[in-house]
Protein chains: 2
Amino acid sequence: MARKTGSHADITGPRLRSAARALFARHGYAAVSMRQIAAEVGVQAGALYLYTTDKQTLLFDLMKEHLDDLLTALAAQVCPADPSARLAAFARFHVGYHLDRPAEVFIAYMELRNLTPENFAAIERLRHRYEDALQAILAEGVAAGVFRLPDPRLATMALIAMLTGASQWYREGGRLPREKVAEIYAEMALRAVGA
Amino acid sequence: MARKTGSHADITGPRLRSAARALFARHGYAAVSMRQIAAEVGVQAGALYLYTTDKQTLLFDLMKEHLDDLLTALAAQVCPADPSARLAAFARFHVGYHLDRPAEVFIAYMELRNLTPENFAAIERLRHRYEDALQAILAEGVAAGVFRLPDPRLATMALIAMLTGASQWYREGGRLPREKVAEIYAEMALRAVGA
DNA sequence: GAGTGATCTGAACGCCCGTTCAGTTCAAGG
DNA sequence: CCTTGAACTGAACGGGCGTTCAGATCACTC
C-alpha cells in the first residue's frame, strides 16, 4: 500500500530534512539511523532514498544550506560606515541569527568531523568566508585607530566563539528576551576589542 | 594464546583509556567501536571488559576525570585579592589548561548528549561548579565597582565560551606561543567586562 | 476507463555493533 | 614441578546498520 491521498513528493522531501535536522541536533549524526528518521517522517526507510542519495549527503546538505543562508543573511544586512557600529551590528546579527536556529548551529559546529574530507573542505570554505567578514571589520577598526587588538585573527576566533556560545545556554522564554541578549553580547564584543 | 611476556593489567588499563580518549575526540563516541579501541590497544574487544564495565562508563569516566582534574587544578591556583587580577589569572589558567588538553576538551563539550541522564546530571554538576567559580569573580568585581556588567550570569557563559574556543583553532607550533595566546585572551576578557 | 509513472512498501543484502563466555596461555607462588 | 589465577583469545549472541530493489498502489492524463 502506498500513497494515501494525493502527491507527497513536495511534502516528504522537506519533512525528511526537517526530521533529520531535529534528530541530528538532538542525538548526533552517528547515533541517528535512517530508520529513525523514516519513522519520524512516517515512511519506510527505503523511501528516503528518493529524496537523498545517502546519509552523508543529507548531513552535508543541511550544513551547506545553513551556511549559505547565513552568508546570504549577512550580505543583506545594512552596513554602517563606523567600525564600532559595524561590529555592534555584526554581533547583534550573529547572536540573533543563531538564537533563532539552535538545531542548525548545533549541527554545523558538532558534526564537522562526520563529513567526508571533500565535504568538510567545502563547509570550511563557507565558514571561513563568514569569519573573514568579521575579520575585515576588525581590521578596519584597527586601521581607523578605534580598536586596540594585538591579533585580529585571534580576536575574530574569540568573538565568534563568544557570540555563538549564546545558543548553548539560551532558552526560549527564559530570564532575558533575545534582543536583550544580543544587545549585551554586542556590548561585550565592543569592549573586548577596546572600542 | 595470551600474555606474551609479563603482567599487563597496569598497562592495558591506561592504554584503553588513552586510546578511547584519542578516538572519541577524533571521530566521536557514537562513531567509534569497541573493536576499534581494542585494535589500538593491541587486544581483542572482549579483553576491554576486564577494565571497563561498558562503553558508556568508559565515556563517563573520561569526562568525570577531566572535570575533576580541572576543578583540582583551579583550586590549586593562587588567588589574587584584586578582582581584575583574579579574572586575568582565571582566564590565563583556563586557556592554558584547555590548550594542553584538546582531546579532553573536545570530548567534554561534544559528547554530553551521549551520556545517560544520570551520568549527564553528574557531569553537569561538576561543570556548574567550575562556572560558579568564574561567576563569583565577576560578582566580586561588580560589587567592588571595577566591572561593569548588565548580567553576570550571561557574562560567565560568554567568557567561558570565548576562552574555551581557543582550543578549537590553536595548533602546536603555530604562529603564536600558548603563553601569548593566553595573555591576549586574558586581556580581551578583562576588557569585555569593562575592567 | 485504460495506461502511466510517481510514490512507497517490505524484504533482503552483507556487515558491524556491544557484550558474554568457555577455554587457553603463562608468570609467579608454594 | 605443580598449581593457581590473572590476562587474554576467539567465537558466538541477538540485533541494528545503510542501502537496494522488485513489486504494489493509486492520482492523474488522454
Side-chain angles (χ1 to χ4, degrees), chain A residues 1-21 23-24 26-63 107 111 113-119, chain B residues 1-24 26-63 107 111 113-116 118-119:
Chain A
M1 115 196 61
R3 203 135 63 117
K4 281 111 197 170
T5 68
S7 175
H8 288 161
D10 50 351
I11 291 181
T12 306
R15 289 233 293 163
L16 159 60
R17 292 174 131 67
S18 169
R21 182 161 40 232
L23 287 170
F24 288 168
R26 180 141 48 235
H27 306 292
Y29 172 78
V32 171
S33 73
M34 294 299 273
R35 275 169 248 260
Q36 283 174 55
I37 298 171
E40 194 76 17
V41 176
V43 118
Q44 291 298 315
L48 300 183
Y49 290 85
L50 292 168
Y51 305 99
T52 187
T53 61
D54 52 23
K55 195 187 176 189
Q56 166 71 207
T57 303
L58 184 53
L59 173 62
F60 175 70
D61 287 347
L62 287 175
M63 296 182 66
I107 294 172
E111 304 297 353
R113 60 185 166 189
N114 287 310
L115 292 171
T116 60
E118 315 85 59
N119 286 346
Chain B
M1 115 195 58
R3 202 136 63 120
K4 278 109 196 174
T5 68
S7 175
H8 287 163
D10 49 352
I11 292 181
T12 305
R15 289 234 292 164
L16 159 60
R17 291 176 133 64
S18 169
R21 182 160 40 231
L23 287 170
F24 287 168
R26 180 140 49 234
H27 306 292
Y29 172 78
V32 171
S33 72
M34 294 300 272
R35 275 170 250 257
Q36 281 173 57
I37 298 171
E40 194 77 18
V41 176
V43 117
Q44 292 297 316
L48 300 184
Y49 289 85
L50 292 167
Y51 306 99
T52 187
T53 61
D54 53 24
K55 195 187 177 192
Q56 166 71 205
T57 303
L58 184 54
L59 173 63
F60 174 70
D61 287 347
L62 287 175
M63 295 182 65
I107 294 172
E111 304 298 352
R113 61 185 165 188
N114 286 310
L115 292 171
T116 61
E118 314 86 59
N119 286 345

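Protein chains get the first letters and strands the later ones, always in sequence-line order, with residue 1 at the start of each. Predicted model only: the values in this text are computed from it and were never measured.
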Under 3.5 Å, which N/O atoms of the protein pair with N/O atoms of nucleotides 16-20 of chain C?
{"from": "C:dC17", "atom 1": "OP1", "to": "B:S33", "atom 2": "OG", "distance (Å)": "2.8"}
{"from": "C:dG18", "atom 1": "OP1", "to": "B:V32", "atom 2": "O", "distance (Å)": "3.4"}
{"from": "C:dG18", "atom 1": "OP1", "to": "B:M34", "atom 2": "N", "distance (Å)": "3.4"}
{"from": "C:dG18", "atom 1": "OP1", "to": "B:K55", "atom 2": "NZ", "distance (Å)": "3.0"}
{"from": "C:dG18", "atom 1": "OP2", "to": "B:M34", "atom 2": "N", "distance (Å)": "2.8"}
{"from": "C:dG18", "atom 1": "N7", "to": "B:R35", "atom 2": "NH2", "distance (Å)": "2.5"}
{"from": "C:dG18", "atom 1": "O6", "to": "B:R35", "atom 2": "NH2", "distance (Å)": "2.8"}
{"from": "C:dT19", "atom 1": "OP2", "to": "B:Y49", "atom 2": "OH", "distance (Å)": "2.6"}
{"from": "C:dT19", "atom 1": "OP2", "to": "B:K55", "atom 2": "N", "distance (Å)": "3.0"}
{"from": "C:dT19", "atom 1": "O5'", "to": "B:Y49", "atom 2": "OH", "distance (Å)": "3.3"}

**For B:A47, all residues meeting side-chain contact (heavy atoms from CB on, under 4.5 Å), sequence neighbours excluded** = B:V43
**Message:** Using whole Å, what does the distance between atom P of nucleotide D:dG18 and atom CG of A:L48 come to?
**Reply:** 10 Å
**Message:** In this structure, how many angstroms lie between the P atom of C:dT24 and the CD atom of B:Q44, rounded?
**Reply:** 16 Å
**Nucleotide pairing, DNA chain D (Watson-Crick or G-U, distances under 3.5 Å), in dot-bracket with [ ] and |** = ||||||||||||||||||||||||||||||
**Partners passing side-chain contact (heavy atoms from CB on, under 4.5 Å) against B:A39 (at least two apart in sequence or in another chain)** = none
**Prompt:** Taking only residues two or more places apart in sequence or in another chain, which ones pass side chain to side chain donor-acceptor pair (under 3.5 Å) with B:Q44?
**Reply:** none
**Item:** Test side chain to side chain donor-acceptor pair (under 3.5 Å) applied to A:E40 - qualifying residues, sequence neighbours left out
**Value:** none
**Request:** Under the salt bridge (Lys or Arg N to Asp or Glu O under 4.0 Å) rule, collect the residues that match up with B:D61, sequence neighbours excluded.
**Result:** B:R17
**Prompt:** Do any side-chain nitrogens or oxygens of B:T12 fall under 4.0 Å of OP1 or OP2 in D:dA7?
**Reply:** no
**Request:** Under the side chain to side chain donor-acceptor pair (under 3.5 Å) rule, collect the residues that match up with B:T57, sequence neighbours excluded.
**Result:** B:T53, B:D54
**Item:** Distance, rounded to the nearest Å, where A:Y51 contributes OH and C:dC8 contributes C1'
**Value:** 8 Å
**Message:** Looking at B:A45, is its backbone amide N or carbonyl O close enough to the side chain of B:R35 to form a donor-acceptor pair, meaning the two atoms are under 3.5 Å apart?
**Reply:** no
**Item:** Set of residues satisfying salt bridge (Lys or Arg N to Asp or Glu O under 4.0 Å) with respect to A:R113, sequence neighbours excluded
**Value:** B:E111
